[in-house]
Novice: 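My questions all concern the structure below.
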Amino acid sequence: MMVTLEHLFLWFLFYSFCGWVYESILVSVQQRRPVNRGFLNGPLCPIYGTGAVLGVVLLGRIHDPVILFVVSAVGACVLEYFTSWAMERLFHARWWDYSHFRFNLNGRICLLGAIVFGIGGVAIVDVVQPQVARVTAMIPLPVVHWLTFVCLFLTVLDTAVTVAGIVDFDRSLDQLSAVVAKYGDAMREKVGDVVGDALDGASDRVGESWQLGKDMSTEFMLKVKDAADSVFNRQQRRMIASFPRLRADRNNEALQQLRDTFEKLYRRRG
C-alpha cells in the first residue's frame, strides 16, 4: 500500500512538472517574454499533477477513446473551476481568466481548454502512463522511499513559503494604490505646467515640452516599479509576473497599472 502511494506521488510530481513546462512555454509565447509559470516556486503546476493522477486512477479502465475524451474534458473542467474558485476565496485574487475566450464559464474554464484537457487525458491514460508506470517500477524501492521523502519535504516547504508570501497580497495592493495615486497627482501637475508653457511660449518650445512630457512618463513608470519593489515581497512579485491575467478582488486598477508599467518597460528594453 505504501509503495503504491509513493508511486502515485512520484507520478503527481512528473505530471506537475510536465504541466509547468507546457504552461511556461505557452504563456511565454503569448507574452513574448520568459515567464516562470506556476503557483509554487518550484517547477510544478499541481493542478496538472492532480488531474493526471486522478485520471490514471479513475479512468484507467476506460478503453473507448471517445468516452475517455469526454470524461477527461469534463473532469478537468470541474477540477479547474473548483481550483479557481477556492484560490480566489483563499487569496482574494483570480489567478487566471478565460473571459477573452469564446464559450467560457465565468472566466474560470473555457471550451478550448476542455478540448485540450480531453485530448491530454486520452494521451496520458492510453499512451504516456503505461510507459511512466514501467519506468517507475524499475526504480529500486530504497530509492523510491528516499526520493518520495525528499520530494515531499521540498513540496510541503515550497507550499508553506508560497502561501506565507502571498497571504497579504490584497494589503500590498492597497499600499501600491496609495503610492500610485500620489505619484499620479504629482505627475498630472507637472503635465499641466508643461502644457501651459507650450501654449504660452513660442513654437520652438513645443518640441522641448513634448520631450519633457515623455521623460516624465518614463519617470512615472520607474517610480511605480520602484514602489512595487518596495511594497510587494519577492513571492508576490513573482506571482504578478507568472500570471498575466491575475485579477484582484479590490484595487484591480493599481494591479493593472503595475502590469502595464512592466509591459512598457519590458518593450523599451527590448
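As the structure is a prediction and not an experimental result, all values here were calculated from the model.
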Novice: Can you tell me if Gln131 uses its side chain to pair, donor with acceptor, with the backbone of Val128 under 3.5 Å?
Specialist: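 No, because the side chain of Gln131 does not come within donor-acceptor range (under 3.5 Å) of the backbone of Val128.
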Novice: Give a yes or no on whether Arg102 atom CZ has more than 12 heavy-atom contacts from other residues, nucleotides or ligands under 6.0 Å away.
Specialist: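 Check fails, neighbour count at 12 or below.
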Novice: Check whether Asp158 reaches the backbone of Gly42 with its side chain - one donor and one acceptor, N or O, closer than 3.5 Å.
Specialist: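 Checked: pair present.
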Novice: Would you mind reporting whether Thr83 and Trp96 have side-chain heavy atoms less than 4.5 Å apart?
Specialist: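 Yes - at least one pair of side-chain heavy atoms lies under 4.5 Å apart.
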Novice: Are Ile47 and Leu26 connected, step by step, through hydrophobic side chains (Ile, Leu, Val, Met, Phe, Trp, Tyr) whose heavy atoms are closer than 4.5 Å?
Specialist: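 Ile47 clusters together with Leu26.
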Novice: Within this structure, what is the OH-CG distance for the pair Tyr98 and Leu111, rounded to the nearest 0.5 Å?
Specialist: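 Output value for this atom pair is 12.5 Å.
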Novice: Indicate the atoms forming the closest heavy-atom contact of Ser72 with Val122, along with that distance.
Specialist: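 Looks like OG-N, 4.4 Å.
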Novice: Apart from Trp85 itself, which Ile, Leu, Val, Met, Phe, Trp or Tyr residues share its cluster (side-chain heavy atoms under 4.5 Å, direct or through members)?
Specialist: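 Its cluster mates, by chain and number, are Phe82.
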Novice: Minimum heavy-atom separation for Ala114 to Cys77, with atom names?
Specialist: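 Scanning both residues completely, I find the closest heavy atoms to be CB-SG, 3.4 Å.
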Novice: Do side-chain atoms of Ser84 reach the backbone of Glu80 as a donor and acceptor pair under 3.5 angstrom?
Specialist: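 No.
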Novice: Any luck finding a side-chain donor-acceptor pair between Thr162 and Asn41 under 3.5 Å?
Specialist: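 The answer is yes; a qualifying pair exists.
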Novice: Can you name the nearest heavy-atom pair linking His145 to Val3, along with the distance?
Specialist: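 For His145 and Val3, the tightest heavy-atom pair comes out as CE1-CG2, 4.3 Å.
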Novice: Would you check, one step at a time, whether the test side-chain contact (heavy atoms from CB on, under 4.5 Å) holds for Gln236 with Asn233?
Specialist: CA-CA 5 Å; Gln236 293 167 348; Asn233 59 41; 3.2 Å; yes
Novice: Rounded to the nearest 0.5 Å, what separation is found between the CG atom of Leu105 and the OH atom of Tyr81?
Specialist: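 Answer for the CG-OH pair, Leu105 versus Tyr81, is 5.0 Å.
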Novice: Which residues, ordered by chain and number, are linked to Leu154 in its hydrophobic cluster, where ILVMFWY side chains connect at heavy-atom gaps below 4.5 Å, directly or through other members?
Specialist: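 Joined to Leu154, directly or through intermediates: Trp146, Phe149, Val150, Phe153, Leu157, Val161.
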Novice: If you measure from CZ on Phe14 to SG on Cys151, what distance do you get to the nearest 0.5 Å?
Specialist: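 It comes to 13.5 Å.
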Novice: State which residues pass side-chain hydrogen bond (donor to acceptor under 3.5 Å, both in side chains) with Asn36; sequence neighbours excluded, sorted by chain then number.
Specialist: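 Once residues adjacent in sequence are excluded, the partners of Asn36 under the side-chain hydrogen bond (donor to acceptor under 3.5 Å, both in side chains) criterion are Trp20.
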Novice: Test of understanding: clusters of I, L, V, M, F, W, Y form through side-chain heavy atoms closer than 4.5 Å, transitively. Do Val53 and Leu5 belong to the same one?
Specialist: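 Yes, it is one cluster - the side chains of Val53 and Leu5 are joined through contacts under 4.5 Å.
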Novice: Could you state whether Met2 and Leu141 fall into the same hydrophobic cluster, counting links through intermediate Ile, Leu, Val, Met, Phe, Trp or Tyr residues with side-chain heavy atoms under 4.5 angstrom apart?
Specialist: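 No, no single cluster joins them.
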Novice: Using the six-membered ring wherever Trp is involved, compare the ring planes of Phe91 and Trp95 and label them parallel, tilted or perpendicular (cut-offs 30° and 60°).
Specialist: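 Aromatic pair Phe91/Trp95 classed perpendicular.
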Novice: To the nearest 0.5 Å, tell me how far Leu13 CG sits from Leu8 CG.
Specialist: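 If I round to the nearest 0.5 Å, the distance is 11.0 Å.
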Novice: Do Ile62 and Val125 come close enough that some side-chain heavy atom pair is under 4.5 Å?
Specialist: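 No; the side chains remain at least 4.5 Å from each other.
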Novice: Between Asn106 and Arg108, is there a donor-acceptor pair closer than 3.5 Å when you use the side chain of the first and the backbone of the second?
Specialist: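 Answer holds: no.
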Novice: Grouping I, L, V, M, F, W and Y whenever their side-chain heavy atoms are under 4.5 Å apart, do Val27 and Ile25 come out in a common cluster?
Specialist: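 Cluster IDs for Val27 and Ile25 differ.
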Novice: Looking only at heavy atoms, which two atoms of Met87 and Phe39 are closest? And how far apart?
Specialist: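 Between these two residues, the closest heavy atoms are CE-CD1, 3.5 Å.
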Novice: Looking at Pro130 and Ile124, what are the two nearest heavy atoms and their distance?
Specialist: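 Of all heavy-atom pairs spanning Pro130 and Ile124, the closest is CD-O, 4.1 Å.
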Novice: Verify the cluster assignment for Val143 and Phe9: are they in a single hydrophobic cluster under the rule of side-chain heavy atoms below 4.5 Å apart?
Specialist: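 Same cluster: Val143 reaches Phe9 through Ile, Leu, Val, Met, Phe, Trp or Tyr contacts under 4.5 Å.
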Novice: Say you draw a straight line from CD1 of Ile109 to CZ of Phe101; how long is it, rounded to the nearest 0.5 Å?
Specialist: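 Those atoms lie 13.5 Å apart.
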Novice: Would you mind telling me which of Val132, Val135, Leu147 makes a side chain to side chain contact (heavy atoms under 4.5 Å, CB included) with Leu10?
Specialist: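 The single option meeting the side chain to side chain contact (heavy atoms under 4.5 Å, CB included) with Leu10 is Leu147.
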Novice: Rounded to the nearest 0.5 Å, how far apart are CG of Leu54 and CG of Leu58?
Specialist: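 Going from the CG atom of Leu54 to the CG atom of Leu58 covers 5.5 Å.
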Novice: So, do Phe232 and Met239 sit near enough that their side-chain heavy atoms are less than 4.5 Å apart?
Specialist: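 No, their side chains stay 4.5 Å or more apart.
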Novice: Quick check: closest heavy atoms across Cys45 and Glu23, and the distance to 0.1 Å?
Specialist: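 Residues Cys45 and Glu23, closest heavy atoms: SG-CG, 4.2 Å.
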